[in-house]
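A short write-up of the structure that comes next.
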Amino acid sequence: MKRENFSEWFNQILEKAGILDIRYPVKGLYVWLPYGMKIRECVIKIIKEILENHGHEEVLFPLLIPEDFLRKESEHIRGFEEQVYWVTRGGSKELNVKLALRPTSETAIYPIVSLWIKSHKDLPLKIYQIVNVFRYETKHTRPLIRLREITTFKEAHTFHRTFEEAEAQVKEAIEIYKKFFDRIAIPYLINKRPDWDKFPGAIYTIAFDTIFPDGKSLQIATIHNLGQNFSKPFNIKYEKVDGNFEYVYQTCYGISDRVIASIIAIHGDDRGLILLPEISPYQIVIIPIIYKESRQKVLNKAWKIYNLLKEKYKIYIDLREDETPGSKFYYWEMKGIPIRIEIGPRDVDEGVVTIFRRDKMERIKVRDEDLENTLKDMMNDIYKNLRERAWKFLEENVVRIFRIEDIREGYINEISLCGKDSCGRYIEEKTGLRVLGEAIEKKEDGYCLVCKERTDKIYRVAKSY
RNA sequence: GGGGCCGUAGGGUAGCCUGGUGAUCCUGCCGGCUUGGGGUGCCGGUGACCCAGGUUCAAAUCCUGGCGGCCCCA
């Protein structure tokens, strides 16, 4: 199901696992359900922790942007013009200044930051916010993947004294996102986007792409070096040590709801979600197997185990007596809970518990006294297994290609290209796929597939979302 | 950007072509008994034709538009 019909599988999981209600009657907008919110919180906690550790501070700017702010940087507005929602009225009164729902927050943030930055001592400045942004998407929308309201846009904005410092920040951002995606076991390729596909207003854009079960690539993070393109129109200047003024150099980078889409799509299977211990709302669920005669002794042991583990793990005990054990098994598997502990009369008598791990669908019996150590090892092993499995899938679907006619849909194709726009465009036209960009961590001597010039650049080409 | 398909209870569906019967079946949900180590079984109940116009004696069914969903091509 996941492999044959990914779209349908994905939408069903969202509903059955209780992540989103996709029935909201406005295109591209969806409702977050309680279980989805819990996963979302776990993910947000990780990215916050990493950003804070790298010296970023959280801020919160308004949703509405006055039209003249939005229009200050000409390339930027040209890039977003067709995607902007406008607020034009307050009640029945037409507004004198139209207000845009932020499609991204550069133009909300920069005019204000220009008031904050006075001297070189104020730099570098690294801030971030986690907000919703609105984009009037015209292509077909998909839950968590192509949204008209991105509900958790985790955007960072940094301000620096020199171009070199901004360049260093781009490298730091790459490290930050590597840490983040490694932590949630999402594999990625890092690509420098071709010029025609960079962020509007940026000097260049570096993107993290992953691969979905259907072989399409998905952009999951972007990092932009803005140079002085925004600081000039927004007049963000600082006083240098020598008393002269200079415009700051900037970067910005962001991650959207697609993180959650990736977690679901890449780790999940036909039985539902498979969550890493760190992003699972519950790491362990205890299911007592209740029979009339042995009811009390089973419950006693279940509670004993619960109390033993509750300090160390996020744990839930499923005491419903109107559901059979089998139906509970299916239920928690759909929810992706990493480890299930089954406690029935046989386990009580034998002095063991039955442990089931979701990722491998394996069930073992463990002696009571070995339980804590086994769980600890198993949690680590689940992370390791999911991460290896995900990277293996990505690597298996990256192919090195030497002839244009061999470029295949359903894979990420790596080819030699010189880097000229015309050659990249030619590939896109010829194959109908997208040039994701230049592999920044990979070089190989060869000849451009289009113009035959010598090059050591590797470009990645794929069908993308 | 271009083309196609679709919208029936909470979910999945039959009926639509060829207008007319009490709108089908599965699942869920509620109540009861039963069962309980992989969706227990039986009985009873609940619940739907996307919206607005039009054609017609009569519309889930035909026509137009809106909203929403899906697929293919560039």
Side-chain angles (χ1 to χ4, degrees), chain A residues 1 4-31 33-35 81-83 136-149 196-197 214-216 269-272 285-299 301-302 305 318-335 337 340-350 352-358 360-366 407 409-410 424-435 461-465:
Chain A
M1 178 74 180
E4 299 85 65
N5 191 344
F6 172 73
S7 270
E8 199 180 321
W9 172 84
F10 187 70
N11 286 347
Q12 279 187 21
I13 296 292
L14 290 175
E15 187 205 319
K16 288 187 184 165
I19 294 168
L20 291 186
D21 194 323
I22 60 177
R23 296 172 300 182
Y24 195 75
V26 180
K27 186 179 165 75
L29 310 191
Y30 307 92
V31 178
L33 296 170
Y35 195 72
E81 186 95 69
E82 289 309 310
Q83 295 188 46
Y136 185 77
E137 293 284 354
T138 49
K139 288 193 184 267
H140 57 240
T141 52
R142 284 171 197 275
L144 299 179
I145 294 173
R146 179 163 280 110
L147 298 161
R148 283 188 172 177
E149 180 190 11
W196 69 81
D197 199 22
D214 56 4
K216 287 195 204 170
D269 66 12
D270 283 356
R271 287 175 177 265
V285 59
I286 298 178
I287 299 185
I289 313 293
I290 297 170
Y291 294 80
K292 280 196 203 77
E293 331 75 63
S294 51
R295 186 169 184 277
Q296 205 48 52
K297 70 175 180 184
V298 164
L299 283 177
K301 178 158 184 179
I305 303 283
D318 188 347
L319 295 169
R320 290 176 295 171
E321 293 197 28
D322 52 353
E323 291 289 338
T324 58
S327 117
K328 290 181 184 178
F329 296 163
Y330 281 94
Y331 178 84
W332 291 109
E333 279 159 20
M334 177 57 70
K335 297 275 190 189
I337 304 300
R340 175 172 83 224
I341 299 179
E342 303 167 19
I343 300 169
R346 295 205 293 268
D347 302 290
V348 178
D349 295 342
E350 292 165 30
V352 301
V353 297
T354 301
I355 299 185
F356 169 90
R357 55 184 281 185
R358 175 68 179 87
K360 290 186 170 171
M361 295 291 289
E362 284 173 359
R363 187 186 256 123
I364 56 166
K365 282 184 183 281
V366 182
I407 292 176
E409 186 177 330
R425 295 274 201 192
Y426 179 84
I427 293 288
E428 289 200 344
E429 274 163 38
K430 200 79 182 170
T431 63
L433 305 183
R434 188 155 153 213
V435 173
V461 178
K463 176 131 175 140
S464 71
Y465 271 98

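Owing to the predicted nature of the structure, the values given are computational and were not obtained by experimental measurement. To find a chain, count down the sequence lines: A is the first, B the second, and so on, and within it residues start at 1.
- Remark: the backbone N or O of Val435(A) is paired with a side-chain donor or acceptor of Glu428(A) at under 3.5 angstrom.
- Tyr330(A) has its OH atom 15 Å from the C1' atom of rU27(B), to the nearest Å.
- The distance between atom CD1 of Ile289(A) and atom C1' of rG39(B), rounded to the nearest whole Å, is 14 Å.
- Across rG39(B), rC73(B), rG10(B), the shortest atom-to-atom separation from the side chain of Arg23(A) is found for rG10(B).
- In this structure, CD1 of Ile287(A) is placed 17 Å from P of rG36(B), rounded to the nearest angstrom.
- For the pair His140(A) NE2 and rC73(B) C1', the interatomic distance rounds to 12 Å; values are reported in whole Å.
- Between the CD atom of Glu323(A) and the P atom of rG38(B) there is a distance of 15 Å, given to the nearest Å.
- Residue-level contact check: Thr354(A) touches the bases, meaning some heavy atom is under 4.0 Å from a base atom.
- The pair Arg358(A)-Asp269(A) meets the salt-bridge criterion, with a side-chain N (NZ, NE, NH1 or NH2) lying under 4.0 Å from an Asp/Glu carboxylate O.
- Atom C1' of rG4(B) sits at a distance of 47 Å from the matching atom of rC42(B), rounded to the whole Å.
- Comparing rU55(B) with rG19(B), their C1' atoms are spaced 11 Å from each other, to the whole Å.
- Contact annotation for Glu428(A): no contact, since no heavy-atom pair falls under 4.0 Å across all strands.
- As a whole-Å value, the separation of Lys139(A) NZ from rG2(B) P is 12 Å.
- Using a cutoff of 4.0 Å between basic side-chain nitrogens and carboxylate oxygens, Asp214(A) and Lys463(A) are not scored as salt-bridged.
- Among the protein residues, Tyr24(A) comes within range of no part of the nucleic acid, since none of its heavy atoms lies under 4.0 Å from any strand.
- Comparing the C1' positions of rA60(B) and rA14(B) gives an interatomic distance of 12 Å, to the nearest angstrom.
- A straight line from CD1 of Ile145(A) to C1' of rC70(B) spans 14 Å, rounded to a whole angstrom.
- When each of Lys27(A) and Arg346(A) is assigned the nucleotide of RNA chain B bearing its nearest heavy atom, the one mapping closer to the 5' terminus is Arg346(A).
- Within 4.0 Å (heavy atoms only), Gly432(A) reaches no atom of the nucleic acid at all.
- The nucleotide rC33(B) finds its pairing partner in rG41(B), both defining distances of the Watson-Crick or G-U wobble pair being shorter than 3.5 Å.
- In this structure, Thr141(A) reaches the rG69(B) phosphate: one of its side-chain N or O atoms is under 4.0 Å from OP1 or OP2.
- Annotation: of the two residues near RNA chain B, Lys292(A) and Arg340(A), the 5′-most nearest-nucleotide partner is Lys292(A).
- Look at the P atom in both rG15(B) and rG3(B): the space between them is 29 Å, to the nearest Å.
- Atoms CH2 and CE, on Trp9(A) and Met1(A) in that order, are 9.5 Å from each other to the nearest 0.5 Å.
- The gap from the P atom of rC16(B) to that of rC29(B) amounts to 32 Å, rounded to the nearest Å.
- Checked by distance alone, Arg363(A) brings a side-chain donor or acceptor within 3.5 Å of a matching partner on the base of rG38(B).
- Picking from rU40(B), rC70(B), rG36(B) the nucleotide with the shortest atom distance to the side chain of Tyr291(A) gives rG36(B).
- Using a 4.0 Å cut-off between a side-chain N of Lys or Arg and a carboxylate O of Asp or Glu, Arg320(A) and Asp318(A) qualify as a salt bridge.
- Straight-line distance between the P atoms of rG22(B) and rC33(B): roughly 37 Å, to the nearest whole Å.
- In the interface, the side chain of Glu15(A) is not paired with the base of rG10(B) through any donor and acceptor atom under 3.5 Å apart.
- Shown here, rA74(B) forms no base pair; nothing in the strands shown gives a Watson-Crick or G-U wobble contact with both key distances under 3.5 Å.
- No donor-acceptor distance shorter than 3.5 angstrom exists from the side chain of Arg340(A) to the backbone of Val285(A), with no hydrogens or angles considered.
- For Arg271(A), taking side-chain heavy atoms from C-beta onward, the closest of the listed nucleotides rG68(B), rG37(B), rG38(B) is rG38(B).
- Nucleotides rG10(B) and rC30(B), compared at atom C1', are 13 Å apart to the nearest Å.
- Of the nucleotides present, none pairs with rU21(B) by Watson-Crick or G-U wobble criteria with both distances under 3.5 Å.
- Across all strands shown, rC49(B) forms no Watson-Crick or G-U wobble pair with both key distances under 3.5 Å.
- Base pairing annotation: rG68(B) forms a Watson-Crick or G-U wobble pair with rC6(B), both donor-acceptor distances under 3.5 Å.
- Looking at the side chain of Asp347(A), the nearest of the listed nucleotides rG38(B), rC71(B), rG37(B) is rG37(B).
- In this structure, the CG atom of Asp322(A) is 14 Å from the C1' atom of rG32(B), given to the nearest Å.
- Counting non-hydrogen atoms of other residues, nucleotides and ligands closer than 6.0 Å to NZ of Lys297(A) gives a total above 12.
- Of the candidates rG38(B), rG68(B), rG36(B), the closest approach to any side-chain atom of Val26(A) belongs to rG68(B).
- In this structure, Arg363(A) satisfies the cation-pi test against Phe329(A), with its NZ or CZ atom closer than 6.0 Å to the six-membered ring centre and inside 45 degrees of the ring normal.
- When the P atom is compared between rU61(B) and rU8(B), the two are found 13 Å apart, to the nearest whole Å.
- Between rU40(B) and Thr324(A), a contact under 4.0 Å exists linking OP1 or OP2 to a side-chain N or O.
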